[in-house]
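To start, the structure itself, in structure tokens.
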Amino acid sequence: MADSPKEEVSQIVPKKTNARTSIIHLITSFFRKLGTAGAIYLLGYFELSIAWLAAPVILSVLRDEWKKESEAKRINAQIAATSNEKDLVLAKLDDLPAWVFFPDVERAEWLNVILKQMWPNINHYMYNLIKDTIEPSIRENLVQYKLKNFQFGKIRLGAIPPRIGGIKVYEKHVARDEIIMDMEISYAGDCDISFTVSGVSGGIKDFQIHGMMRVIMKPLIPTIPLVGGVQMFFLNNPTLDFNLVGALDMLDAPGLSDMLHRIVVEQIGAMMVLPNKLPIILSTTVPSQTLKTPQPEGVLRIHVVEGKHLMAKDMKMVGKNTSDPYVILTLGAQTYRTPTIDSTLDPKWDYWCEMVVYSSRGQELALQLYDEDKLKKKDSSLGKATVDIHNVVKKGGVDSWVTLEEATHGMVHLRLSWLTITKDTKLLATALAETQLLRVTSMSSALLTVYVDSAKNLPNARTQSKPDPYVSLNVGNKVVKTNVQYRTDCPVFEQGFTLLVGNPETDSLRVKIFDQKTEGEIGRLDYTLEQLLEKKDLEISSEPFTLQKAGSDSKIILSMQLRILKTSEMAPQPAITRTASQMSRNRSIGSRTSSSSSMSVILPGGGGGNAGGGDTVKSTVPEETEDKIDSANGELKPVTENMTIGTPPYAVKSAPYELHQRSPSVTGSMGLSKLGQIYITLRYSVQRQRLIVVIHKIANLPKKDPSNIPDPYVKLYLLPERSKETKRKTETIKDDCNPIYEESFEYTVSQGVLSSKQLEVTVVNQHNWYSAGSPVIGQVIIDLDQVDPNGEDLTDWFDLQHESTSKD
């Protein structure tokens, strides 16, 4: 056999060279190992985690993978934007457009053709919009990051127009003088945008945006163009992605890239994410106030109580791994942040806030949990969750544990209350009493809408130079500002705002006008809201007010509207808090329950009611009646083990699984199979295409003997796939035949396939005592064609049956 190339080279290289190379290799190897040992020694000496050594390597690998994945998404999105409808459907069977599944969503291919024809002209309009509105806002936001002189250069949106996936036109709950439609907007074009910041040139390419845009045409008028104006806005924050090019490509790194992404999202949110709208006036006969004044539906009062069993992100050499969790709550362009609770996986936030809701149908409350990094690096995600506002409005309030998505485990306890608005001043005393009962100083009793029309004859803040005025308004600690109007002493603002009011009998609206160049105050107004309580309908329209600290002829024209907040009649009452020892005698839950009236006991931890190790038990029923209540007729009765539980009207199909159908004529608290019953709520969100499953509680599980009590938990699967991706699991509750969970789970299921799915609900004992070889106590399979996407929730008791023949 001929010598290999390696052997031939070795014969040519002199022995002296081989010896020298060997010595160098030995020395290099020695110092490499010495460096590794030294790094490990230093990590131990300074009590640092080994993650500091591995993190840079892992981050580098992950960054390359993220770039590849992001690039693939951009290419696929551009292909989808340029393909025709047939190719798009065939290529994306798992992500079909909305019109395929929803009969009330229409195809919009004709509109896409029109949009393509108009795209060159829209390019010119968007150029002016970006230069006049977005550029000043980004410049102002970048100053806080020491980045100055931001300016757009080239702005070309490319030849690929946005694509409309489908249109839904509303027929119900719509005023006679308006047309409301929702459009699924996707843009993945070939834009080319350049800019400079702090003397460095950069650019943006592959900009993408996707979201649900609402278009309202109002008022309808009897003259051409028949529509007085148009309002366009996103119901929720759209998803954004873009790629940095040029010298600023270095910003495409964790932290700096996130900063730029956040600023762009904020600017889009400030322009056209609720409560902000992009109004376009089509007729001069329509006053701008009609389109630009906010029109709130109500207020969502939010109580982030606590979390439990969160993921651990802070790795420690000694002791348990832990996290420093906090929650960011987002509703449209409104954002709140809870305090950070250090070193815990079961944080107690007890955080309250209120958000104004402008469209309950379609808006979502988003929760994002993070682990705060004390070294000011990027905070780690602990999971997220979303809540459908429309469901809260229907019920008047929600009190439940929400399971986190994009997390291996973790839940958050939320209490949400819906507050409507009214002109009835007699309800103000009730609203004030409720806020005092909550003992939270930041809660509101009224809602103030202010429309800033214009100002006249403002004084000059600089010698021989007209001001660049903007208006600042605040009630309490909430401050809002108008846009800046340049080089004018008679500015026209035409902007509306909504402010929450703690007590309109004592609070005041403070209006200040500033010059943007000098930040000097050039006029102010203090208006006591008690005066507005005396006005007809609690309103004033286009009223001029004389400004203080300005000339006698300096005025500002305002419109105001005050509304009292009213708690929904269906909202849950504030919970009564007591210790676990006071409740230990009342752990048996065997009451009769109907779908419209039920006893709700929330056990966040401890007391045998729910896992989690907490010491407090919270109940929505008085202490003296907890152990004897019949919620079906409101009478007080002693709770007994043989008390009958109502039979649900929903039959459960057995085929193809070996489960028996329910018999409405024969039922009992133990169920037909004597395995107990489980109380479940099923609902479907059409907007989010999500199936929500709430596991409330289980009643009367069997026990082998008095000393052998089960430790039950509930396991869920979607059928027929029954894959690990659809597996969900509740907490385990120790030693309880009547466990209460109040845990919520979500599945992403399109409406088109919902009716073909089934939900497998299995009650499992953590310790295998019930039957040899299987820890399953009982099971029920629910056909999801019983869930009406546009109807009421399916809430009822279901008999537990023997385990089906299908296995994990």
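Not measured: the values here are computed from a predicted model.
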Output the distance between atom [atom1] ([X]) and atom [atom2] ([Y]), rounded to the nearest 0.5 Å.
X: Ser381; Y: Leu404; atom1: OG; atom2: CG; value: 8.5 Å
X: Thr726; Y: Lys757; atom1: OG1; atom2: NZ; value: 8.0 Å
X: Tyr170; Y: Met181; atom1: OH; atom2: CE; value: 11.5 Å
X: His413; Y: Glu742; atom1: NE2; atom2: CD; value: 8.5 Å
X: Leu759; Y: Gln786; atom1: CG; atom2: CD; value: 11.0 Å
X: Gln561; Y: Ile421; atom1: CD; atom2: CD1; value: 7.0 Å

Quick one about [Y] and [X] (side-chain donor to acceptor, distance below 3.5 Å, no hydrogens or angles considered), yes or no?
X: Glu746; Y: Thr403; value: no
X: Thr386; Y: Glu364; value: no
X: Glu743; Y: Thr730; value: no

**OP:** Show your reasoning for whether side-chain contact (heavy atoms from CB on, under 4.5 Å) applies to Asp399 and Arg415.
**Re:** CA-CA 4 Å; Asp399 186 341; Arg415 290 196 180 110; 2.8 Å; yes

Should [X] and [Y] count as side-chain neighbours, where that means a heavy-atom distance under 4.5 Å?
X: Pro275; Y: Thr498; answer: no
X: Val227; Y: Leu220; answer: yes
X: Ile280; Y: Met232; answer: yes
X: Val693; Y: Val761; answer: no
X: Asn236; Y: Met212; answer: no
X: Leu447; Y: Pro296; answer: yes
X: Thr435; Y: Asn503; answer: no
X: Val480; Y: Val450; answer: no

**OP:** For side-chain contact (heavy atoms from CB on, under 4.5 Å), just list the numbers for Leu235 and Asp182, CA-CA rounded to whole Å, side-chain angles, deciding distance to a tenth of an Å, and then say yes or no.
**Re:** CA-CA 9 Å; Leu235 293 168; Asp182 287 345; 4.3 Å; yes

Under-4.0 Å salt bridge between [X] and [Y]:
X: Arg690; Y: Glu405; result: yes
X: Glu721; Y: Lys727; result: no
X: Glu109; Y: Arg163; result: yes
X: Asp388; Y: Arg683; result: no

**OP:** Given side chain to side chain donor-acceptor pair (under 3.5 Å), test Glu297 with Ser360 step by step and report yes or no.
**Re:** CA-CA 7 Å; Glu297 288 187 16; Ser360 59; 2.9 Å; yes

Heavy-atom closest contact ([X] atom, [Y] atom, distance):
X: Thr290; Y: Pro219; answer: CG2-CD, 4.3 Å
X: Gly332; Y: Val273; answer: C-CG1, 3.6 Å
X: Met311; Y: Ala407; answer: CE-CB, 3.8 Å
X: Leu329; Y: Tyr351; answer: CD1-CE2, 4.2 Å
X: Pro162; Y: Ile185; answer: CB-CG2, 4.5 Å
X: Tyr336; Y: Met355; answer: CD1-CE, 3.3 Å

Subject >> Member of Val357, Leu274, Val356 meeting the side chain to side chain contact (heavy atoms under 4.5 Å, CB included) criterion with Gln334 >> reply: Val356

Original post:
Looking at Asp537, Leu562, Ile564, which hits side chain to side chain contact (heavy atoms under 4.5 Å, CB included) with Lys423?
Top reply: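 By the side chain to side chain contact (heavy atoms under 4.5 Å, CB included) criterion, Lys423 pairs with just one of Asp537, Leu562, Ile564: Asp537.
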
Flag, side chain of [X] to backbone of [Y], donor-acceptor distance under 3.5 Å:
X: Gln368; Y: Gly383; answer: yes
X: Thr338; Y: Val327; answer: yes
X: Gln231; Y: Leu291; answer: yes
X: Arg301; Y: Trp352; answer: no
X: Thr420; Y: Lys566; answer: yes
X: Gln289; Y: Tyr451; answer: no

**OP:** Taking salt bridge (Lys or Arg N to Asp or Glu O under 4.0 Å) as the test, write out the residues that go with Glu406, two or more places apart.
**Re:**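 Checked Glu406 against salt bridge (Lys or Arg N to Asp or Glu O under 4.0 Å); matches are Lys384.
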
Original post:
Would Ile209 and Phe234 count as a side-chain contact (heavy atoms from CB on, under 4.5 Å) if you check the C-alpha gap in whole Å, the side-chain angles of each, and the deciding distance to 0.1 Å?
Top reply: CA-CA 11 Å; Ile209 184 169; Phe234 287 102; 4.2 Å; yes

**OP:** Measure from NZ or CZ of Arg337 to the centre of the six-membered ring of Tyr370, then state whether that distance is under 6.0 Å and the direction lies within 45° of the axis.
**Re:** no

**OP:** Could you check Val169 against Ile180 for side-chain contact (heavy atoms from CB on, under 4.5 Å), going step by step and ending with a plain yes or no?
**Re:** CA-CA 6 Å; Val169 181; Ile180 301 178; over 6 Å; no

Subject >> Listed partners of His309 passing ring-ring contact (aromatic ring centres under 6.0 Å, His included), at least two apart >> reply: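 ring-ring contact (aromatic ring centres under 6.0 Å, His included) list for His309, sorted by chain: His409.
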
